[in-house]
*Asks:* 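Sharing a structure, written as structure tokens. Questions coming.
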Amino acid sequence: PPPKTSIWAVPGSVISIGSDVTVFCRTPPGVTHVRLTHYVLNGKWFDRAPQGVQEVFEFSLQNMTHTSAGTYHCDYTKEGEWSQNSDHLELVVTESSTSDYRLENCIRLFMAVILLLGLGALLLDAWKSRKEPMGPLESPKLKA
């Protein structure tokens, strides 16, 4: 049979729930049909026909869930013969997001700086408004 194709996923094989992933299959030139297969109970596959001279095929999987997670492979036809299956690609869907929290952290840092400046201004105002100096061991003078 024709040689097997290569398979990979972008952004990677671990995806947070609800995210999108693109699976790529690289074939030799001259294929007539490419198929991405998901190993599930009744089998599920996605087909692509080449657009001109095409060797890399994209399969966009959107809104990933636990049921769309699992094992995938690619194969293709060339001159009426099916290729070997590609190596298996295991897509894992996680509950938590692996988001980038830089913006949220910058906002928190900015708010902390504003809070510290406000507290500093209050302390400075209180220090300036004292009428009598107080030493560390002195107490306010009592008036009779």
Side-chain angles (χ1 to χ4, degrees), residues 1-140:
K4 65 183 178 180
T5 184
S6 56
I7 185 172
W8 70 95
V10 173
S13 59
V14 179
I15 307 106
S16 59
I17 195 162
S19 296
D20 300 341
V21 64
T22 303
V23 176
F24 292 90
C25 300
R26 180 183 299 278
T27 67
V31 303
T32 55
H33 191 82
V34 177
R35 179 174 57 196
L36 173 67
T37 302
H38 180 201
Y39 288 110
V40 289
L41 183 59
N42 294 322
K44 183 176 184 179
W45 62 88
F46 308 90
D47 294 310
R48 293 282 185 274
Q51 303 292 319
V53 179
Q54 184 177 357
E55 295 179 24
V56 177
F57 296 82
E58 291 182 30
F59 297 88
S60 180
L61 307 177
Q62 299 176 343
N63 195 22
M64 292 293 287
T65 64
H66 292 292
T67 57
S68 52
T71 305
Y72 289 80
H73 78 265
C74 295
D75 55 0
Y76 62 90
T77 57
K78 184 175 181 178
E79 299 172 359
E81 191 174 6
W82 281 100
S83 69
Q84 303 173 43
N85 291 344
S86 67
D87 291 335
H88 292 184
L89 171 67
E90 189 72 27
L91 293 182
V92 178
V93 175
T94 62
E95 290 292 330
S96 63
S97 173
T98 56
S99 296
D100 185 357
Y101 293 106
R102 280 183 282 193
L103 176 62
E104 291 90 343
N105 289 341
C106 285
I107 292 169
R108 287 183 190 100
L109 182 62
F110 177 75
M111 295 302 288
V113 167
I114 296 296
L115 180 66
L116 286 174
L117 288 173
L119 288 173
L122 287 173
L123 286 172
L124 183 63
D125 184 54
W127 181 74
K128 285 184 172 183
S129 67
R130 289 188 307 164
K131 302 226 188 259
E132 295 181 22
M134 284 175 122
L137 297 176
E138 296 177 19
S139 62

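Each residue takes its place number in the sequence, starting with 1.
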*Asks:* Taking Met64's backbone N and O only, do any of them form a donor-acceptor pair with Ser68's side chain (distance below 3.5 Å, no angle check)?
*Replies:*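 Such a contact is absent between Ser68 side chain and Met64 backbone.
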*Asks:* Could you walk me through whether Phe57 and Val31 pass the side-chain contact (heavy atoms from CB on, under 4.5 Å) check?
*Replies:* CA-CA 11 Å; Phe57 296 82; Val31 303; 3.8 Å; yes
*Asks:* Before you tell me yes or no, could you show the steps for His66 and Glu95 under side-chain hydrogen bond (donor to acceptor under 3.5 Å, both in side chains), namely the whole-Å CA-CA distance, both residues' side-chain angles and the distance that decides it to 0.1 Å?
*Replies:* CA-CA 9 Å; His66 292 292; Glu95 290 292 330; 2.6 Å; yes
*Asks:* Should Val10 and Val21 count as side-chain neighbours, where that means a heavy-atom distance under 4.5 Å?
*Replies:*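 They are not in contact (no side-chain heavy atoms under 4.5 Å apart), so the answer is no.
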*Asks:* May I ask you to say whether Arg35 pairs ionically with Asp75, meaning some side-chain N is under 4.0 Å from a carboxylate O?
*Replies:*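 Judged by the 4.0 Å cut-off on N to carboxylate O distance, Arg35 and Asp75 do form a salt bridge.
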*Asks:* State whether a side-chain donor-acceptor pair under 3.5 Å links Thr32 with Thr77.
*Replies:*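 There is such a pair (donor and acceptor under 3.5 Å, judged by atom type) between the side chains of Thr32 and Thr77.
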*Asks:* To the nearest 0.5 Å, tell me how far Phe59 CZ sits from Phe24 CZ.
*Replies:*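 One gets 11.0 Å once the value is rounded to the nearest 0.5 Å.
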*Asks:* Could you tell me whether the side chains of Thr71 and Glu90 share a donor-acceptor contact shorter than 3.5 Å?
*Replies:*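 A donor-acceptor contact under 3.5 Å links the two side chains.
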*Asks:* Working note: Leu61 + Thr22, criterion side-chain contact (heavy atoms from CB on, under 4.5 Å); need CA distance, chi angles, decisive distance, verdict.
*Replies:* CA-CA 6 Å; Leu61 307 177; Thr22 303; over 6 Å; no
*Asks:* At their closest point, which heavy atom of Asn63 faces which heavy atom of Asp20, and how far apart are they?
*Replies:*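 Nearest heavy atoms, Asn63 then Asp20: N-OD1, 2.8 Å.
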*Asks:* Quick one: closest heavy-atom pair of Leu91 and Ala9, and the distance?
*Replies:*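 It is CD2-CB, 4.0 Å.
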*Asks:* Check whether any side-chain N or O of Gln54 sits under 3.5 Å from a backbone N or O of Gln51 as a donor-acceptor pair, and report yes or no.
*Replies:*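 Between the backbone of Gln51 and the side chain of Gln54 there is a qualifying donor-acceptor contact (under 3.5 Å).
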*Asks:* Locate the shortest heavy-atom distance separating Pro3 from Ser83; write the atom from each residue and the value.
*Replies:*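 Reported closest heavy-atom pair: O-CB, 3.6 Å.
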*Asks:* Contact between Tyr72 and Thr37 at the side-chain level, heavy atoms closer than 4.5 Å - yes or no?
*Replies:*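 Not in contact.
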*Asks:* Using atom types as modelled and distance alone, determine if a side-chain donor or acceptor of Lys128 lies under 3.5 Å from a backbone N or O of Leu123.
*Replies:*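 Not a single qualifying donor-acceptor pair exists.
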*Asks:* Please round to the nearest 0.5 Å and tell me the distance separating atom CD1 of Ile15 and atom OG1 of Thr94.
*Replies:*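 Here the rounded value is 8.0 Å.
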*Asks:* Taking the six-membered ring for Trp, are Phe46 and His38 ring centroids under 6.0 Å apart?
*Replies:*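 No, ring centres 6.0 Å or more apart.
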*Asks:* Between Asp47 and His33, is any side-chain donor less than 3.5 angstrom from a side-chain acceptor?
*Replies:*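 Side chains of Asp47 and His33: pair found under 3.5 Å.
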*Asks:* Going from CH2 on Trp45 to NE2 on His73, what distance comes out if it is rounded to the nearest 0.5 angstrom?
*Replies:*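 Atom-to-atom, Trp45:CH2 and His73:NE2 are 11.0 Å apart.
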*Asks:* For the atom pair CG (Asn85) and SG (Cys74), what is the distance rounded to the nearest 0.5 Å?
*Replies:*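 It comes to 9.5 Å.
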*Asks:* Quick check for you: to the nearest 0.5 Å, what is the distance between Ile114 atom CD1 and Leu119 atom CG?
*Replies:*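 Those atoms lie 11.5 Å apart.
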*Asks:* Please say whether more than 12 non-hydrogen atoms of neighbouring residues, nucleotides or ligands are located less than 6.0 Å from CD in Glu81.
*Replies:*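 Counting neighbours around CD of Glu81, more than 12 heavy atoms of other residues, nucleotides or ligands fall under 6.0 Å, so yes.
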*Asks:* Return the minimal non-hydrogen interatomic distance between Tyr76 and Lys4, and the atom names on each side.
*Replies:*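 For Tyr76 and Lys4, the tightest heavy-atom pair comes out as CE2-C, 4.5 Å.
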*Asks:* Could you grab the distance from atom OG of Ser13 to atom CH2 of Trp8, nearest 0.5 Å is fine?
*Replies:*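 The OG atom of Ser13 sits 14.0 Å away from the CH2 atom of Trp8.
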*Asks:* May I have the step-by-step check of side-chain contact (heavy atoms from CB on, under 4.5 Å) for Thr65 and Val93, ending in yes or no?
*Replies:* CA-CA 6 Å; Thr65 64; Val93 175; 5.9 Å; no
